[in-house]
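Worksheet: one structure, shown below.
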Amino acid sequence: MKRRLIWWLSLLTLALVATTSLAWSAMSHVEQVTVLMPAPFAESTSALVEQFNRDHRGRIHLDVTSGPRDTEAMSDLAISSLLLGDPPYDALLIDVTWLPKYAAAGWLEPLDSYFGPDEEATLIKGARQGNRYDSRLYRWPFNADVGLLYWRTDLMDAPPQTPAELLAISQKLIDAKVVNTGFVWQGRQYEGLSCDALEIIRGFGGRWIETDGTPALSSDAVNRAVTWMAELIRSGVSPRAVTNYAETESLQAFKAGDAALMRNWPYAWAELQKDDSAVRGQIGITTMVAEPGESPVSTLGSWGLSILQGSDHPQATVQAIRYLTDASAQKQRFLIQGYTPTAEALYADPELLAVAPHLPQLAQALELATPRPPTPLYAQISDVLQRQLSGVLTGDQSSVDGLERAQTTTSTILQSAGGD
Ligand code: GLC
């Protein structure tokens with residue numbers, strides 16, 4: 001009896017050891033892929049990540065680390081771990097403006113051997129831009145993004161097309177006490193201000209940086225653009241608080257029905273159609289105003305996935321990137337969070353068109369998408385512009401003085417790096 005018990009116990013132990021080591025060896029073959037994303041994107045991706053992990057059980061395990069919301073804070077976090085060497089991530093979700101710097105520093109793995117020209121050709125124009133540096137592909141787009149002017153269809157027959165019209169329409173609605181404020185936008189000293197300023201500067205016929213790489217901030221046209229931005233606040237067409245507004249604050253004001261017009265990115269549409277929105281079903285989109293004779297432009301935004309140089313799992317990371325960016329993932333993200341699709345074909349997708357009649361206008365805005373200066377020194381020159389513009393908007397300095405300072409400092413930054 002005792003012998004039999006010992007025999008059974010030994011058998012059980014053997015079985016346990018075998019199962020554990022089998023499980024262990026299976027686990028050790030699981031490739032662990034870690035991706036760092038800004039918080040809103042990490043949240044919007046969590047269901048897909050769970051699905052990916054179910055579909056790849058025993059082979060790949062994907063982990064998305066959630067970073068800060070703002071682009072500057074995210075980049076600071078990414079850079080600090082890149083500088084320390086051996087970062088804990090295989091891939092990063094990167095903003096379009098980071099790419100030249102990251103690629104020039106040798107932090108990114110070229111993706112040309114994974115994504116061919118045929119695949120790139122399926123992307124809508126705005127999503128095809130900003131993924132290459134020195135003609136190599138370093139980023140696969142996750143969303144398309146472009147600056148938009150949102151307008152209230154219940155308050156005006158057509159959106160303003162010129163800066164003067166924007167002032168006049170807003171003033172009229174404020175005087176008639178129909179809205180508290182006219183136009184909300186991103187006036188805080190951060191990257192969003194550079195995005196708005198680029199659209200306005202171009203709408204007045206100015207340039208931030210000329211195509212030959214020289215700064216052009218002290219031109220008449222840029223001065224008129226920045227004077228107009230300050231006038232928005234001085235006249236009360238934009239609230240004083242706009243100098244503290246990022247995307248979220250502008251969206252809150254517009255969603256509450258406080259403003260007639262808003263500059264924001266496409267994701268705002270989905271938020272404005274929710275049940276708790278005071279302006280649901282009363283929104284149109286167009287592009288930023290431009291002076292008569294000038295063409296409107298929309299600042300190119302967008303985030304994309306890049307593999308870090310030295311990742312131990314590039315193939316598995318590519319599989320994850322494909323999964324997170326395929327057509328069904330794009331549809332899901334658009335329908336739920338309003339993130340703009342990257343595949344051109346989706347702009348004619350009946351299922352999407354049925355719930356998002358503004359898709360054709362989005363496609364149009366993406367045609368006008370204009371990148372911010374594609375230099376590795378972008379973060380520095382944008383910081384200079386934001387700082388000087390903020391001084392003008394808060395009334396601390398004149399537009400001419402601010403722009404003169406911005407021009408000189410930008411030249412110094414670009415020249416000290418050997419020109420760009
Ligand atoms: C959006 C854009 C990004 C831009 C940022 C500024 O996320 O996609 O390109 O830098 O807004 O706040």
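Read the numbers this way: they start at 1 and go in the same order the structure lists the ligands and their atoms. Model, not experiment: these values are computed from the prediction.
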Test of understanding: given a 4.0 Å heavy-atom threshold, classify the contact between E247 and ligand 1 as side chain, backbone, both, or neither. side chain
Kindly confirm or rule out an N or O of T97 lying under 3.5 angstrom from an N or O of ligand 1. no
Please work out whether the ring planes of H56 and Y323 are parallel, tilted or perpendicular, with thresholds of 30° and 60°. perpendicular
Would you check whether W303 has a nitrogen or oxygen atom less than 3.5 angstrom from a nitrogen or oxygen atom of ligand 1? yes
Measuring centre to centre across the rings, with the benzene-like ring taken for any Trp, is F142 within less than 6.0 Å of F41? yes
Under 3.5 Å, is there a donor-acceptor pair linking the side chains of E247 and Y190? yes
Starting from atom 11 (O) of ligand 1, locate the nearest protein heavy atom and write down its residue, its atom name and how far away it is, to 0.1 Å. W265 NE1, 3.2 Å
So, W208 versus Y378, ring centres under 6.0 angstrom or not? yes
Classify the contact between S302 and ligand 1 as side chain, backbone, both or neither, using a heavy-atom distance cut-off of under 4.0 Å. backbone
Which pair of heavy atoms, one from L99 and one from R132, lies closest together, and at what distance? CD2-O, 3.4 Å
Report, in ascending order of atom number, the atoms of ligand 1 lying under 4.0 Å from any heavy atom of D95. 3 (C), 4 (C), 9 (O), 10 (O)
Salt-bridge test for D196 and R188: reply yes if a basic N is under 4.0 Å from a carboxylate O, no otherwise. no
Are any of the N/O atoms on D145, whether in the backbone or the side chain, positioned under 3.5 angstrom from an N/O atom of ligand 1? yes
Would you mind running through ligand 1 and noting each atom that sits below 4.0 Å from a heavy atom of Y190? 12 (O)
Do the side-chain N and O atoms of T34 and D63 include a donor-acceptor pair separated by under 3.5 angstrom? no
Could you tell me whether R372 approaches ligand 1 through its side chain, its backbone, both or neither, with non-hydrogen atoms closer than 4.0 Å? side chain
G301 heavy atoms within 4.0 Å reach ligand 1 at atoms 2 (C), 8 (O), 9 (O)
